[in-house]
Engineer: 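Take this structure, written in structure tokens, and hold onto it; I'll ask about it next.
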4 protein chains.
Amino acid sequence: MDFKDNEAIYLQIAGYVNERILLGEWLPDEKILSVRELAMELQVNPNTVMRSYEYLQNKEVIYNKRGIGFFVAAEAVKTIKAAKRERFLNEDLPFLFKTMKLLNIELDEIAGRYEKFGS
Amino acid sequence: MDFKDNEAIYLQIAGYVNERILLGEWLPDEKILSVRELAMELQVNPNTVMRSYEYLQNKEVIYNKRGIGFFVAAEAVKTIKAAKRERFLNEDLPFLFKTMKLLNIELDEIAGRYEKFGS
Amino acid sequence: MDFKDNEAIYLQIAGYVNERILLGEWLPDEKILSVRELAMELQVNPNTVMRSYEYLQNKEVIYNKRGIGFFVAAEAVKTIKAAKRERFLNEDLPFLFKTMKLLNIELDEIAGRYEKFGS
Amino acid sequence: MDFKDNEAIYLQIAGYVNERILLGEWLPDEKILSVRELAMELQVNPNTVMRSYEYLQNKEVIYNKRGIGFFVAAEAVKTIKAAKRERFLNEDLPFLFKTMKLLNIELDEIAGRYEKFGS
DNA sequence: GTGGTCTAGACCACC
DNA sequence: GTGGTCTAGACCACA
């Protein structure tokens, strides 16, 4: 994993953890990598990973058992998707529509491109 | 005008200037507000507006006559739209499609919301 | 039994043992659960229970017979209550009064809630 | 200001800021000390103050204007008091009542001490 | 072993 | 000047 420059590393790590949960690699109530382990794996300072975990804990995506480690929250997938949906509907879509009107792009064209869209 | 938290203010101001040009409020080769005037209007530090103008000058949306002020570039509208189109096709659309798949949102739903979308 | 997040688990376990003594479930000079047994019961690492027992031993609530186990001190109930009273008068009450003033809560309201308070 | 040992310094600083707001020393929408300034004043590392400010920002007690500083939220006093009330009613009071029953302390006695309570 | 906190010092974008 | 992020390294309580 390599990091983009325009987003804080700890947020990118949080996103990375989200992905692994969404992909089902890390299951509910399963222990995730310890702060030090993930820091090693990502070649990053443990403090930075710690910050990601704190962030995810606030978002209720992971929880902590003291002295043992961090665990995937039971509702993690639901929580993550809800957050993404929220953002998509309230921010991304309106922006999209506005841009479409401005550039005179119709839904038909979008649909056409959607067909061809693979991944 | 109030500013979002997650984007640099000078970029938001640049966007605001783009809007006024696109809306035809500021016409080609017309002088736009001076740095100080716009700073007053937006309740912002003049340095910040200056930075926006420099940014827009780089993008060839405005140009400068020394000692007089900044002016809308002749091709400003075309330039702005080209940039937006570029970004729309290469970044926004792929993101849209990816998110739709992830959240199980179909084009129908997008279309439905597009109908209701006013402004 | 499940543990709160803001207090060390070994202290919560100590409190739990206190409760059982106060409730008369464990009587003076009676053997209490072994470290391993209580650890099993509470789904906790034996080290942690050991720490609770050491703590209670310091407080003279329980005592140890080497090779046999831990026993409720003869004066355990008196000791526990004295400690609670001490803390109540010197810490809890002043805090109560301070908070009442700050939040404009009168004794009447406290009394009202006291009525409704069951357990 | 000197720090207790059993609570994280950044939380104690957050409490200290809360106090100053409750006392009316720092008013709504007023700029508070910069991270570096408060760090100097309290003889503490700026990172630690930063952490306090982040914490208070999450709690919506202060907000940030980028490049300018942190400001007291308009509803800060209300927010702080609501949080304190919440905790008082749901955690402190039940504990208080339980202890009273255990120690055979009646409300009368509390009332008596409340009279004498000065500060 | 785990997380949690703190310090020191650095660099950056932004206002 | 402001906050924001990151690193390095330390120490601690807890399980």
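Just so it is clear: chains get the letters A, B, ... in the order the sequence lines come, proteins before strands, and each one is counted from 1.
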Engineer: Which one, E:dG3, F:dC6, F:dG3, comes nearest to the side chain of A:A8?
Structural biologist: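 Looking only at side-chain atoms, A:A8 lies closest to F:dC6.
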Engineer: Considering every strand and a 4.0 Å limit on heavy-atom distances, what is the contact class for B:N47: base, sugar-phosphate, or nothing?
Structural biologist: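 Touches nothing.
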Engineer: Counting heavy atoms from C-beta on, name the nucleotide in F:dA15, E:dG3, E:dC15 closest to the side chain of A:V35.
Structural biologist: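 Nearest listed nucleotide: E:dG3.
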Engineer: Just the rounded figure in Å: distance from P of E:dG4 to OH of D:Y55.
Structural biologist: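 In whole Å, E:dG4 P lies 14 Å from D:Y55 OH.
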Engineer: Side chain of C:Y10, heavy atoms from C-beta onward: which of F:dA8, F:dC6, F:dC14 has the nearest atom to it?
Structural biologist: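 From the listed options, F:dC14 comes nearest.
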Engineer: On the six-membered ring of A:F71, is A:K65 placed so that its NZ or CZ lies under 6.0 angstrom from the centre and within 45° of the ring axis?
Structural biologist: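 Yes, A:K65 and A:F71 form such a contact.
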Engineer: Ignoring the backbone of A:F70, work out which of F:dT5, E:dG4, E:dT2 is nearest its side chain.
Structural biologist: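 Minimum distance to the A:F70 side chain belongs to E:dG4.
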Engineer: Side chains of D:N58 and D:E54: any donor to acceptor distance under 3.5 Å?
Structural biologist: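 Judged by distance alone, the side chains do not pair up.
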Engineer: Would you indicate what A:Y53 reaches in the nucleic acid, counting non-hydrogen atoms under 4.0 angstrom: base, sugar-phosphate, or nothing?
Structural biologist: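 Touches nothing.
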Engineer: Any luck finding a side-chain donor-acceptor pair between A:R20 and A:Y16 under 3.5 Å?
Structural biologist: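 Distance-only check passes for A:R20 and A:Y16.
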Engineer: Quick check on F:dT5: is either OP1 or OP2 less than 4.0 Å from any side-chain nitrogen or oxygen of A:R51?
Structural biologist: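 Indeed, a polar side-chain atom of A:R51 lies that close.
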Engineer: Which nucleotide wins on minimum distance to the side chain of D:I68, given the candidates F:dA15, E:dC15, E:dT5?
Structural biologist: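 Within the option list, the nearest is E:dC15.
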Engineer: Does F:dT2 have its OP1 or OP2 closer than 4.0 Å to a side-chain nitrogen or oxygen of D:R66?
Structural biologist: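 Looking at the OP1 and OP2 atoms of F:dT2, neither is under 4.0 Å from any side-chain N or O of D:R66.
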Engineer: Please determine, for E:dG3, whether a Watson-Crick or G-U wobble partner exists with both distances under 3.5 Å, and give it or none.
Structural biologist: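 For E:dG3, the partner nucleotide comes out as F:dC12, under the 3.5 Å rule.
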Engineer: Quick one: is A:T48 getting a side-chain N or O under 4.0 Å of the F:dC6 phosphate, OP1 or OP2?
Structural biologist: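 A:T48 to F:dC6 OP1/OP2: no side-chain N or O under 4.0 Å.
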Engineer: Between E:dG3 atom P and A:Y63 atom OH, what is the distance in whole Å?
Structural biologist: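 Distance check: A:Y63 OH to E:dG3 P gives 14 Å.
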Engineer: Between C:E7 and A:Q43, which is nearer to the 5' end of DNA chain F once each is assigned its nearest nucleotide?
Structural biologist: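 That would be A:Q43.
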Engineer: Base, sugar-phosphate alone, or nothing: which one does A:V44 contact when heavy atoms must sit under 4.0 Å apart?
Structural biologist: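 Since only primed, P, OP1 and OP2 atoms lie under 4.0 Å of A:V44, the category is sugar-phosphate.
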Engineer: Starting at the 5' end of DNA chain E and moving along, which residue's nearest nucleotide shows up first, A:E54 or A:K31?
Structural biologist: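 Final value for this comparison: A:K31.
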Engineer: Quick check against the 3.5 Å criterion: does D:E60 have a side-chain atom that pairs as donor or acceptor with the backbone of D:A76?
Structural biologist: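 The answer is no, because no donor-acceptor pair under 3.5 Å joins these two groups.
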Engineer: Walk me through it: do D:R87 and D:K84 pass the test side-chain contact (heavy atoms from CB on, under 4.5 Å)?
Structural biologist: CA-CA 5 Å; D:R87 201 190 141 189; D:K84 292 211 180 202; 5.9 Å; no
Engineer: Looking at F:dG3, E:dG3, F:dA15, which one has an atom nearest to any side-chain atom of D:S34?
Structural biologist: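 The listed nucleotide nearest to D:S34's side chain is F:dG3.
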Engineer: So, under a plain 3.5 Å distance rule, would you say the side chain of D:R36 forms a donor-acceptor pair with the base of F:dG3?
Structural biologist: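 For D:R36, whose side chain was compared with the base of F:dG3, there is a donor-acceptor pair (under 3.5 Å).
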